[in-house]
Asks: 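First the structure, which I've put down as structure tokens, then a few questions once you've had a look.
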Amino acid sequence: MCGVLIMVMDFLKKYQEELIAEKIEIKEEYDLLLSKIKENEKFLNLLEEENQALFSDFTPREVSYKHKDKIIEVQSTLDKLQNDKSSMEDKLHHMDGRLSELTTIIDSMMETEHSSLQSATDDNDNTKLKRQLQNISGYIFSDPTRASIELQHIISEL
């Protein structure tokens, strides 16, 4: 049982490492996406300002269709990037949840493993103590001084 538990824990730890690596990749892509969004927003603002520049309120003007088309194109790109951003945020949130659950499971399994190791150690300590006391009981009447010394040694170890 203990070997199976160790194998399962190893598998879960490897899976946890893979999820963390995947999360780091997605986070890097997310950061790159944020910078693309900022660049496109700046470019869109620049195009809109340029489209409005040098015209007074009462001056007749011609609309620059080249800028208008570019504004529409940049706006559609921004919309797509915003959708990608939302999707990545959902992925990161989902991944955080999975990592949290996995960490809880691993911690629980480690506590179980520690408890079983502790009880096994306690059993070994109890068995060892029983053996020592049986040895002492064998010569307690023939050598009471030695038995007393051995008992004092056992008590000091506890």
Side-chain angles (χ1 to χ4, degrees), residues 1-133 152-158:
M1 178 72 178
C2 187
V4 173
L5 185 63
I6 290 172
M7 288 175 30
V8 170
M9 282 183 50
D10 288 343
F11 171 77
L12 290 176
K13 285 180 182 180
K14 286 178 185 175
Y15 182 60
Q16 182 182 35
E17 290 171 4
E18 289 173 9
L19 282 178
I20 290 170
E22 187 179 342
K23 180 182 175 184
I24 290 170
E25 277 183 33
I26 292 174
K27 181 68 173 137
E28 288 173 356
E29 290 176 23
Y30 180 77
D31 291 341
L32 181 64
L33 184 67
L34 287 178
S35 67
K36 284 182 182 180
I37 289 172
K38 284 182 182 179
E39 288 174 9
N40 279 305
E41 285 174 343
K42 286 180 183 178
F43 186 57
L44 182 64
N45 288 336
L46 181 68
L47 286 174
E48 287 174 346
E49 286 175 11
E50 192 175 303
N51 203 24
Q52 298 294 327
L54 302 174
F55 296 108
S56 67
D57 290 335
F58 298 107
T59 305
R61 64 177 181 209
E62 296 178 17
V63 176
S64 172
Y65 290 105
K66 183 178 180 182
H67 286 314
K68 189 173 185 177
D69 291 341
K70 191 65 175 174
I71 288 172
I72 291 171
E73 179 185 328
V74 171
Q75 187 62 47
S76 69
T77 303
L78 261 174
D79 290 342
K80 181 187 177 303
L81 291 173
Q82 290 290 352
N83 288 338
D84 291 347
K85 176 186 169 194
S86 176
S87 173
M88 281 190 183
E89 286 172 344
D90 290 343
K91 280 183 186 178
L92 286 170
H93 181 70
H94 178 70
M95 196 163 286
D96 283 338
R98 287 183 5 199
L99 281 169
S100 176
E101 289 172 356
L102 193 56
T103 302
T104 303
I105 291 169
I106 290 172
D107 289 346
S108 174
M109 290 179 75
M110 288 179 78
E111 286 178 18
T112 303
E113 178 71 15
H114 180 70
S115 296
S116 66
L117 285 176
Q118 186 64 35
S119 68
T121 303
D122 290 346
D123 289 345
N124 288 342
D125 288 345
N126 288 339
T127 305
K128 181 181 172 185
L129 182 62
K130 284 180 184 179
R131 236 182 297 117
Q132 288 174 332
L133 290 174
Q152 289 299 324
H153 178 71
I154 291 172
I155 290 171
S156 68
E157 286 180 352
L158 296 177

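Just so we're clear, the structure is a prediction, and the values are computed from it rather than from any experiment.
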Asks: Taking atom CZ of Phe43 and atom CD1 of Ile71, what is their separation to the nearest 0.5 Å?
Replies: 9.0 Å
Asks: How long is the straight-line distance from CG of Leu99 back to CD of Glu22, given to the nearest 0.5 Å?
Replies: 9.0 Å
Asks: I need the Asn83 CG to Leu78 CG distance, nearest 0.5 Å.
Replies: 11.0 Å
Asks: Under the side chain to side chain donor-acceptor pair (under 3.5 Å) definition, can you give me all pairs with a residue in residues 28-38, not counting sequence neighbours?
Replies: Lys27-Asp31, Tyr30-Glu89
Asks: Who pairs with Gln75 by side chain to side chain donor-acceptor pair (under 3.5 Å), at least two apart in sequence or on another chain?
Replies: Asp79
Asks: Taking only residues two or more places apart in sequence, or in another chain, which ones meet Asp84 in a side chain to side chain donor-acceptor pair (under 3.5 Å)?
Replies: Lys80
Asks: Enter the distance from Met88:CE to Leu32:CG here, rounded to the nearest 0.5 Å.
Replies: 8.0 Å
Asks: At what distance, to the nearest 0.5 angstrom, does CG of Leu92 lie from NZ of Lys85?
Replies: 12.0 Å
Asks: Check side chain to side chain donor-acceptor pair (under 3.5 Å) between Thr103 and all other residues, then give those that pass, not counting sequence neighbours.
Replies: Gln16
Asks: Show your working on salt bridge (charged side-chain N to carboxylate O under 4.0 Å, His left out) between Lys14 and Glu17 and close with a plain yes or no.
Replies: CA-CA 5 Å; Lys14 286 178 185 175; Glu17 290 171 4; over 6 Å; no
Asks: Going by the rule salt bridge (Lys or Arg N to Asp or Glu O under 4.0 Å), which residues pair with Lys13 if we only count those two or more places apart in sequence or in a different chain?
Replies: none
Asks: How would you list all residue pairs meeting salt bridge (charged side-chain N to carboxylate O under 4.0 Å, His left out) that involve residues 92-108, not counting sequence neighbours?
Replies: Lys23-Asp96
Asks: If every non-hydrogen atom of Met95 is compared with every non-hydrogen atom of Leu19, which pair is closest and at what distance?
Replies: SD-O, 3.6 Å
Asks: To the closest 0.5 Å, what do you measure between CG (Leu44) and CD1 (Ile37)?
Replies: 13.0 Å
Asks: Just by modelled atom types, is the Ser100 backbone N or O under 3.5 Å from a matching donor or acceptor in the Thr104 side chain?
Replies: yes
